[in-house]
Every structure is written in structure tokens, then in C-alpha cells.
Amino acid sequence: MLWSLIKILFFVAVVAGLAYGALWLMEAQGGVQIVVAQTEYTLGPLESAIALLVLLVALWLILKLVSLLVATLRFINGDDTALSRYFDRNRERKGLKELTASLNALAAGDGRTAMVEAKKAGKHLNRPELTNLIAAQAAEAAGDHKTAEEVYRRLVEDDRTRFVGVRGLMKQKLAEGDTETALELAKRAFALRPKHEETQDVLLKLQAGAHDWQGARKTLSAKLKQGKLPRDVHKRRDAVLAVSEAKDVIDEGKDIRAREAAIEANRLSPDLIPAAVMAARSYTEQGKQKNAERIVIKAWGAQPHPELAAAYAAIHPDESPQARLKRFQTLVKANPDHRESRLVLAELHIAAEEFPQARRALGTLVESDPDVRVLTTMAAIERGEGASDAVVQGWLARAVTAPRGPQWVCANCNAIHAEWTPICNNCGAFDTLAWVRPQAQEVTSPAGAAMLPLVVASGAPVSQEASAADEPAQDRTEAEHDSSDDTAETPVSDAPEKRAS
């Protein structure tokens, strides 16, 4: 309110001053005489003031016209002028408007419109690092992969957008299934921006898929150094890569390197079942039975597994069933209440023809956890105790439709695998396989009911019903018809080679 009053008073003062000056000029004597072409002009004081004001305005207009003429000549010459800046601002406003329209269309899922608007914006804006990014995203949204690839290649040429271009090309190659080219692009993207977590994960997955275990371990170490991976997870995954490297070395026939890799993998993660199995077998081949037993017992305490029992049995392959039963007591003590410990003891008692003890070792598994292996083991116990064929065949009939028990299941896609692998064969996820019960029983466990021939000493009798559990469900009917046959000899040397778990 006060400020408004001050402005009004100032305006009144200015008007009063001008009026007073005009009045003073009108009453003043004298004037200005101007002679032009022998013509004399006499101006009074007020007229002289008005003429001076008009002259100043005319001079200002002349200067502006001259400036406009000079700017026009410079514009024609290509120089940066106010006129050029005026047109530049107009183009920039138009380009920003089109860029906004492109972003809106892209957010709405209209890739085609986004591409058109981005192309228009690229003509009006001299910002290729911006318009090319939008154009690439719009092309991908529209499904125009060829245009998207062309734009990404242009982005690679600019230092400011090189990483985005390489990453975009990498994703294009992954979508096309060209993993070899995608791997090279992932390495380049990782070199440009080592701390980018998604690039680290893609590179690790591609290196593992290409069996580049050394490169994958370096990438894993980089994730640890940059704080992108907990130390315990790094240790576990590094062990997975080490045991995968060991498997490849074994396939190449390089025994010494295979042993070293297997022992290193077990050192990194003692509870990793495949690493423990490979390390135990490596020590067994070197004649270091004590080391092999120590590794298996430690892994058994973390998670009992049929492959661990098989590796433990292979340490002394020629021992008698009674000696093996006594030696296995040390193993099962590491986890005595686990179902795998009960099953192993039951199978060992069957091999030693101690069928009542086998029944006691099996405990309540028949009622609480009746899977294929439990039921076939029970059938072998019944046969050993002299039960009738109808009783034995009844247990085998139940085994045909029973759950298959724990298997290697991918935690990411729930795919069931016959053997452990570092990468899921279905979804390609890394280190996601776990020995658990699958949600959908589809595949019989390769190391399930076949444990009995592996823990039986050479020359020990084994019930045919027990070994029948390793047959596919569709063939088990024939085993039922033959269940009345006498027991067959199954030496350890004839047992199927177990895959690394």
C-alpha cells in the first residue's frame, strides 16, 4: 500500500515538473534560428526542445537501421548475430516441443510416434547425444531393431554416449542370440564403466556360459571390490566357478590341474557338494584317504547328499560290508537325524544282510517321508526278511507313483536337473541350483535309490528290488514281475559312475 502511494506521488511529481518546464519554456524569451538554403527558421524555446527531442529519436532510428543492415550482412556471411540467434531460439523451441512430444509418446508406449517426433527434434536441435538416445529407445519400443542398431552405432561414435551405445548393441545381440558378439560388447562396456552393476551381471553370465571361468572369477572379484557383492556370496560363487573350472580340466585330461582346481574349490566353500565330491576323489586318487574322509564328513555335516556317500564309499572300495558299515558310522554322526543318514545306514545294513537293523535305521521315514528310495529300500528289507512276493510287489507298486525325493532344482525357474551345473540349462541363471524337493516331480533322482550298489562292498549280495529303484518309472513294472528272482551280485566296480554333485 505504501509503495503504491509512493509510485503515485512520484508520477504526479514528474508530470508537475514537465508541466512547469513547458510553462517556463513558453514564457522564456529568445529562441533558436536555423538557416537552411537561404531560408531562416526561428524556433522558440519550447519548439526548440521539441525539435531536439525529435532529432534524438530520428538519430536513434537511423542507428538501429544501420545495425540491422550490418547484422543482415553478417547473417548472410554466416556469422553469429542477433538475427541468427533469433532463428536459433525459434528452432530450439520447436525442437524442445517435438522432443517433449517424443518422450510423451514413448511413455505412452507409442513407439512409432516417438520415432517420428524424435527425428523432427533431431533436425531442429543440435544435440545428437540427446535426440539419438530418445530415437534409440523409441525404435526399440516400436520393434524396429534395425533402426535401433543404427542409432546405437552412432552413439558409440560420441564419447559422451559411447557406453550407452555399446550397452544397447549388447542387448540387441543378446536378443538375437549372438552370445559371442554380446560377450565382446559386454567386456567393452565393462571397461568403459566397471561399476555398472547390470553390465557386471551380464558379463559374468556370458563368461560362465562360454566356460571362461578365469574371466568370470575376475569379474566376480571386481564386483566384490566395488561393494556390489557381499563377501560370503562372493566366496560361494567363486567356489562354484572354481569347481566348474575343475570339471573342464578333468574333461581335458589334465589330472594335476584338475586336482588343484578341485581342492581350491573345496577350500573356498567346504559345504559346496560338487566341490567336496571332486576334492575327495582327488585326494583318494593321490592316496590321501584321511584328507578325503575329512572333506566328506565336513560337507555331510552341512548337507548330506548321496554323492557324498558315494565319494566316501570310494575311498576304500574293497572293504567288506561290515567294515564299511563301521566306517560309515563316523560319517552319519556328522548329521545323524537327517533322512539321508538314515537311508545310508539302512542300505548298509541290507548289504550286510542285517535286515532288522535296516528296518530300525529307516525309522519312521516310511510314514513321514515315503519317496521312491524309501519305499524300494523297504521292499528290499521285506524280501531279506522272507516276506511274500505280494508284500514286496506292494512296496514296489507304491514306489512307482511315489515322489522322487530331493533333486537339483533351479531356484529361479524351478527347472529340475539330472545333475548339478553352475548355470541353469533352462533360464541361464548362475548358481541357482539347490538340492531340494521340486514343486513338480518330473525326473527321477540320478543318485537316489542307486546308492545301495555304491555303498555295498565288492561281492556283497544286493536285492534286485533295491537296485530297481534306479530304473525309470515306465520300466519299473518289469522289475515288479521279476521281483521274485534271487538276489544278484553287484560289485562296486560295476556300479555306475556318479556324476559330480
**Study point:** Side-chain donor-acceptor pair present, H349, E354, cut-off under 3.5 Å
**Key:** yes
Exercise for review: In plain terms, say whether D431 and R236 are close enough for a salt bridge, that is, a side-chain N and a carboxylate O under 4.0 Å apart.
Suggested key: yes
Point to revise | Short N-O contact, K298 and D271, less than 4.0 angstrom | key: no
Point to revise | Residue pair W435, H417: steps toward the ring pair (Phe, Tyr, Trp, His ring centres under 6.0 Å) verdict | key: CA-CA 10 Å; W435 184 254; H417 293 67; over 10 Å; no
Revision key, fill the gap. For T284 and A314, the nearest pair of non-hydrogen atoms, with its separation, is CG2-O, 3.8 Å
Exercise for review: Give a yes or no on whether a salt bridge exists between E382 and R359, defined as a side-chain N under 4.0 angstrom from a carboxylate O.
Suggested key: yes
Review point. Hey, is the main chain of T376 close enough, under 3.5 Å, to the side chain of R398 for a donor-acceptor pair?
Key: no
Practice item. Taking only Lys NZ, Arg NE, NH1 and NH2, and the carboxylate oxygens of Asp or Glu, determine whether E150 and R154 approach each other closer than 4.0 Å. Key: no
Revision key, fill the gap. Of R217, Q214, Q207, the one forming a side chain to side chain contact (heavy atoms under 4.5 Å, CB included) with L241 is R217
Practice item. Would you mind checking if E340 and R373 are paired as a salt bridge, meaning a charged N to carboxylate O distance below 4.0 Å? Key: yes
Check your understanding: Below 4.0 angstrom, N of the basic side chain to O of the carboxylate: do E184 and K173 qualify?
Key -> no
Revision key, fill the gap. Of all heavy-atom pairs linking D238 and L220, the shortest is N-CD2, 3.4 Å
Exercise for review: Go through the steps to decide whether K223 and D201 satisfy the test salt bridge (Lys or Arg N to Asp or Glu O under 4.0 Å), and finish with yes or no.
Suggested key: CA-CA 9 Å; K223 286 175 67 68; D201 294 337; 2.8 Å; yes
Exercise for review: Tell me yes or no: between the side chains of Q200 and Q226, is some donor less than 3.5 Å from an acceptor?
Suggested key: yes
Review point. Do the side-chain N and O atoms of E140 and Y152 include a donor-acceptor pair separated by under 3.5 angstrom?
Key: yes
